[in-house]
A.B. asks: 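Pasting in a structure now, in structure tokens, and then I'll have a few things to ask.
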Amino acid sequence: MESTMKGIRGDNAPCVLDLDDAATVGGGVGDTYGEDCATEEQLVTPWTVSVASGYNLLRDPRYNKGLAFNERERETHYLRGLLPPAIVSQELQERKIMHNIRQYQLPLQKYMAMMDLQEGNERLFYKLLIDNVEELLPVVYTPTVGEACQKYGSIFSRPQGLYISLKEKGKILEVLKNWPERSIQVIVVTDGERILGLGDLGCQGMGIPVGKLALYTALGGVRPSACLPITLDVGTNNEALLNDEFYIGLRQKRATAQEYADFLHEFMTAVKQNYGEKVLIQFEDFANHNAFELLAKYGTTHLVFNDDIQGTASVVLSGLVAALKLVGGSLSEHSYLFLGAGEAGTGIAELIALEISRQTKAPIEECRKKIWLVDSKGLIVSSRKETLQHFKKPWAHEHEPVGNLLDAVKTIKPTVLIGTSGKGQTFTQEVVEAISSFNERPVIFALSNPTSQSECTAEQAYTWSKGRAVFASGSPFDPVEYDGKIYVPGQANNAYIFPGFGLGVVMSGAIRVHDDMLLAASEALAQQVTQENFDKGLTYPPFSNIRKISAHIAANVAAKAYELGLASRRPRPKDLVKYAESCMYSPLYRNYR
């Protein structure tokens with residue numbers, strides 16, 4: 001992947017390792033700020049600070065415990081009369097909230113209930129998410145977050161994170177200083193141009209950074225106060241949103257070219273100036289043409305990570321490594337066909353090639369020849385090279401033109417079929433039957449999100465392959481019964497990788513991201529798949545163990561950062577797994593003085 005980035009930067013560009021008393025009103029209540037007697041045109045002060053206020057404490061999500069405040073805390077912190085007399089445990093609160101959430105019929109209602117809880121009681125939110133991760137992960141993230149982003153303007157009630165629009169150009173550093181926290185360790189930023197497989201959602205893409213950072217905390221243990229979601233509003237080309245009275249963003253077409261580049265550069269410079277060298281900036285859901293350019297441009301000067309390119313690649317590579325224990329052979333002995341040649345597709349392909357190169361010591365160019373990509377115009381071949389975008393060119397191999405996926409499957413005869421197209425139902429019955437005709441155990445990964453955009457369903461994959469497919473998807477599917485046997489589909493969810501990866505970067509004080517750190521994350525995840533998982537046909541471990549998994553991924557990533565000389569925390573902890581576990585945020589309530 002670094003070689004691809006270097007191709008974009010130019011041959012002489014640096015690489016990642018090159019580091020250089022007042023009137024009163026009725027009742028005698030003092031109208032100190034003139035709010036009651038002021039006319040609409042007069043200015044009033046919108047806030048005040050109380051030195052000690054139980055009322056404010058109950059409205060601070062970080063410290064609020066609701067009915068879990070004990071008698072001494074209620075006395076000490078001026079909470080008498082502000083709460084009913086009952087005192088309950090956090091566990092009872094958790095059972096009640098989960099009971100209430102389960103009463104909702106629509107996933108979006110559950111999402112809104114979880115977001116309300118996050119804004120009201122932070123620790124209870126994370127306790128709920130950690131203890132019920134398999135049930136709530138599809139609620140706070142994909143697939144429900146996609147619908148939430150589409151309807152964000154309609155359901156918007158309280159702002160989360162920072163919105164930096166073109167109106168703030170020249171003042172971005174000032175905007176960053178408006179955020180109350182100073183010790184930020186992870187930023188997830190989007191410009192909303194390519195939200196999941198749903199396209200340009202503009203400012204309403206904020207649901208993605210908010211959701212990702214909730215997972216950084218719940219799954220990876222990064223402190224919530226150290227996380228900052230940001231949306232860069234550069235406009236939108238979505239006409240439906242521009243004409244929507246509830247749209248919350250700028251009503252203008254997207255900025256492009258130099259205006260866009262200058263705005264992004266000011267943002268990246270301001271982040272580094274305000275938060276320092278070791279803040280991890282995760283680019284999220286940028287369009288292909290910007291995603292690669294941003295990663296190439298800032299990969300050598302900032303601590304940056306693109307989950308769509310690098311995170312997806314790492315989690316898929318891990319799934320493939322695990323799948324080999326079911327189908328046999330090594331990575332280099334298989335052939336790979338991708339439907340989709342954007343950020344995810346080319347990112348996964350490059351990481352597979354890198355790992356093959358590492359294992360076989362063969363040049364990366366030779367390893368790429370085992371991997372074929374199909375885009376909207378057909379198979380990517382050398383005769384199309386002059387018209388291809390730069391990130392597709394390494395995958396243009398010598399071959400006659402092939403116009404569609406089915407013909408490509410019949411011609412290339414891949415052992416592994418991977419979908420990253422963002423187009424639902426593109427792995428048709430004919431395609432699945434074709435790959436199954438020359439593979440005893442075809443590996444089929446339908447990775448596009450949300451569920452509606454998945455290239456095929458789990459049921460389709462198992463049925464059309466007569467139960468022989470090793471299947472994984474990007475969004476969750478229920479177990480499938482076929483021919484009297486239960487098949488449990490794997491989920492190649494980036495949430496396996498990025499929370500642990502981020503923790504590893506943070507705890508080692510890494511100042512750059514290197515490809516080898518991604519391979520280390522893949523390796524650590526693959527090692528967590530047990531024989532019991534394999535017996536069920538799974539290529540990923542259950543999410544119920546995600547914190548343990550994240551600790552091992554963090555340790556592996558940190559170890560690689562130390563090995564590469566990219567870690568700044570000294571001395572190196574002796575046991576990186578135990579250190580990772582000790583760094584993890586706990587959602588249990590604290591006792592207050």
A.B. asks: For a side-chain contact (heavy atoms from CB on, under 4.5 Å) check, start with the C-alpha distance between H552 and Q527, then their side-chain angles and the critical distance, and finish with the verdict.
C.D. replies: CA-CA 9 Å; H552 282 272; Q527 291 170 350; over 6 Å; no
A.B. asks: Distance check, rounded to the nearest 0.5 Å: E193 atom CD versus D285 atom CG?
C.D. replies: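 If I round to the nearest 0.5 Å, the distance is 10.5 Å.
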A.B. asks: Say you draw a straight line from CD1 of I130 to CG of L219; how long is it, rounded to the nearest 0.5 Å?
C.D. replies: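 The CD1 atom of I130 sits 8.0 Å away from the CG atom of L219.
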A.B. asks: Would you check if the side chain of R547 reaches a backbone N or O of A218 as a donor-acceptor pair within less than 3.5 Å?
C.D. replies: yes
A.B. asks: With a 4.0 Å cut-off on N to O distance, would you call D200 and R194 a salt bridge?
C.D. replies: no
A.B. asks: Atom CZ in R158, atom CG in D116: separation rounded to 0.5 Å?
C.D. replies: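 If we round to the nearest 0.5 Å, R158:CZ and D116:CG are 5.5 Å apart.
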A.B. asks: Do we see a donor-acceptor contact under 3.5 Å between the side chains of Y562 and R570?
C.D. replies: no
A.B. asks: Take atom CG in N178; do more than 12 heavy atoms of anything else shown fall under 6.0 Å from it?
C.D. replies: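 Count over threshold, so yes.
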A.B. asks: On the 0 to 90° scale, with breaks at 30° and 60°, tag the F283-Y298 ring pair as parallel, tilted or perpendicular.
C.D. replies: tilted
A.B. asks: For the side chain of R572 and the backbone of A567, is there at least one donor-acceptor N/O pair under 3.5 Å apart?
C.D. replies: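 No.
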A.B. asks: Is there side-chain contact between L137 and N493, with heavy atoms separated by less than 4.5 Å?
C.D. replies: yes
A.B. asks: Between Q185 and M507, is any pair of side-chain heavy atoms under 4.5 Å apart?
C.D. replies: no
A.B. asks: Just by modelled atom types, is the Y247 backbone N or O under 3.5 Å from a matching donor or acceptor in the R251 side chain?
C.D. replies: yes
A.B. asks: Test salt bridge (charged side-chain N to carboxylate O under 4.0 Å, His left out) on E581 and K548 and set out the steps.
C.D. replies: CA-CA 8 Å; E581 292 171 340; K548 174 191 170 188; over 6 Å; no
A.B. asks: Taking the side chain from K272 and the backbone from T301, do they hold a donor-acceptor pair closer than 3.5 Å?
C.D. replies: yes
A.B. asks: Would you list the pairs meeting salt bridge (charged side-chain N to carboxylate O under 4.0 Å, His left out) in which at least one residue belongs to residues 168-182, sequence neighbours left out?
C.D. replies: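 For residues 168-182, and leaving out neighbouring residues, the salt bridge (charged side-chain N to carboxylate O under 4.0 Å, His left out) pairs sorted by first residue read R62-E181.
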A.B. asks: Side chains of D191 and Y260: is there a donor and an acceptor less than 3.5 Å apart?
C.D. replies: yes
A.B. asks: How far apart are the C-alpha atoms of K167 and D233, what are their side-chain angles, what is the distance that settles it, and do they pass the salt bridge (charged side-chain N to carboxylate O under 4.0 Å, His left out) test?
C.D. replies: CA-CA 9 Å; K167 291 181 178 180; D233 189 353; over 6 Å; no
A.B. asks: Regarding T312 and N494, is there a side-chain donor-to-acceptor distance under 3.5 Å anywhere?
C.D. replies: yes
A.B. asks: Would you mind reporting whether K110 and T144 have side-chain heavy atoms less than 4.5 Å apart?
C.D. replies: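 In short, these two side chains do not touch, never coming nearer than 4.5 Å.
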A.B. asks: Crowded around Q103 CD? As in, over 12 foreign heavy atoms under 6.0 Å?
C.D. replies: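 Buried by this count: over 12 neighbours within 6.0 Å.
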A.B. asks: Passes side-chain contact (heavy atoms from CB on, under 4.5 Å), I230 versus Y163? Steps please.
C.D. replies: CA-CA 6 Å; I230 297 179; Y163 294 84; over 6 Å; no
A.B. asks: Treating E343 as the side-chain partner and A291 as the backbone partner, does any N or O pair qualify as donor plus acceptor under 3.5 Å?
C.D. replies: no
A.B. asks: Could you measure the distance from the CG atom of N70 to the NZ atom of K65? Nearest 0.5 Å is fine.
C.D. replies: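 Rounded to the nearest 0.5 Å, the CG-NZ separation comes out at 6.0 Å.
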A.B. asks: Is there side-chain contact between N591 and E73, with heavy atoms separated by less than 4.5 Å?
C.D. replies: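 When only atoms from C-beta onward are counted, E73 and N591 do touch, with a gap below 4.5 Å.
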A.B. asks: How long is the straight-line distance from CD of E147 back to OG1 of T451, given to the nearest 0.5 Å?
C.D. replies: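 Going from the OG1 atom of T451 to the CD atom of E147 covers 11.0 Å.
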A.B. asks: Run F156 and F246 through ring pair (Phe, Tyr, Trp, His ring centres under 6.0 Å) and show every step you take.
C.D. replies: CA-CA 9 Å; F156 179 85; F246 299 128; over 10 Å; no
A.B. asks: Report yes if some heavy atom in the side chain of H514 is under 4.5 Å from a heavy atom in the side chain of L566; otherwise report no.
C.D. replies: yes
A.B. asks: Do V188 and P229 have side chains that approach each other closer than 4.5 Å (heavy atoms only, starting at C-beta)?
C.D. replies: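 They are not in contact (no side-chain heavy atoms under 4.5 Å apart), so the answer is no.
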A.B. asks: State whether the number of non-hydrogen atoms from other residues, nucleotides or ligands found under 6.0 Å of Y592 atom OH is greater than 12.
C.D. replies: yes
A.B. asks: Donor-acceptor check, side chain of S582 to backbone of Y579, threshold 3.5 angstrom: yes or no?
C.D. replies: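 Looks like yes, one N/O pair under 3.5 Å.
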A.B. asks: Pairing donors with acceptors under 3.5 angstrom, does anything connect the side chains of D515 and Q310?
C.D. replies: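 Per modelled atom types, D515 and Q310 side chains form no pair under 3.5 Å.
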A.B. asks: Side chains of Y589 and N121: do they bring a donor and an acceptor to under 3.5 Å?
C.D. replies: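 Result is yes, a qualifying pair exists.
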A.B. asks: List the steps, then state whether side-chain contact (heavy atoms from CB on, under 4.5 Å) holds for N64 with L57.
C.D. replies: CA-CA 6 Å; N64 178 32; L57 179 58; over 6 Å; no
A.B. asks: side-chain contact (heavy atoms from CB on, under 4.5 Å), that's the test. Do N306 and L294 meet it? Break it down for me.
C.D. replies: CA-CA 9 Å; N306 187 302; L294 291 171; over 6 Å; no
A.B. asks: Does a salt bridge link E523 with K560, judged by any charged N lying under 4.0 Å from a carboxylate O?
C.D. replies: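 Not counted as a salt bridge, because no side-chain N and carboxylate O are separated by less than 4.0 Å.
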A.B. asks: Give a yes/no verdict on a cation-pi contact between R123 and Y126, requiring under 6.0 Å between NZ or CZ and the six-membered ring centre and an angle within 45° of the axis.
C.D. replies: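 No, R123 does not sit over the ring of Y126.
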A.B. asks: Without hydrogens or angle criteria, can the side chains of Q282 and Y216 be said to hold a donor-acceptor pair below 3.5 Å?
C.D. replies: yes
A.B. asks: Per the side chain to side chain contact (heavy atoms under 4.5 Å, CB included) rule, which among L228, V222, L303, V505 passes with V186?
C.D. replies: V222
A.B. asks: Determine whether the side chains of T142 and S475 contain a donor N or O and an acceptor N or O closer than 3.5 Å.
C.D. replies: yes
A.B. asks: Would you kindly say whether S522 and S314 are connected by a side-chain donor-acceptor distance under 3.5 Å?
C.D. replies: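 Yes.
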A.B. asks: Does the ring centre of F498 sit less than 6.0 Å away from the ring centre of F501?
C.D. replies: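 No, they do not, as the ring centres are separated by 6.0 Å or more.
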A.B. asks: State, with a plain yes or no, whether a side-chain heavy atom of I184 is found less than 4.5 Å away from one of V271.
C.D. replies: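 A side-chain contact is absent here, since even the closest heavy-atom pair is not under 4.5 Å.
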A.B. asks: Please report the interatomic distance CG(L129) to CE(M114), rounded to the nearest 0.5 Å.
C.D. replies: 5.5 Å
A.B. asks: Under 4.5 Å between any side-chain heavy atoms of F305 and L295, yes or no?
C.D. replies: no
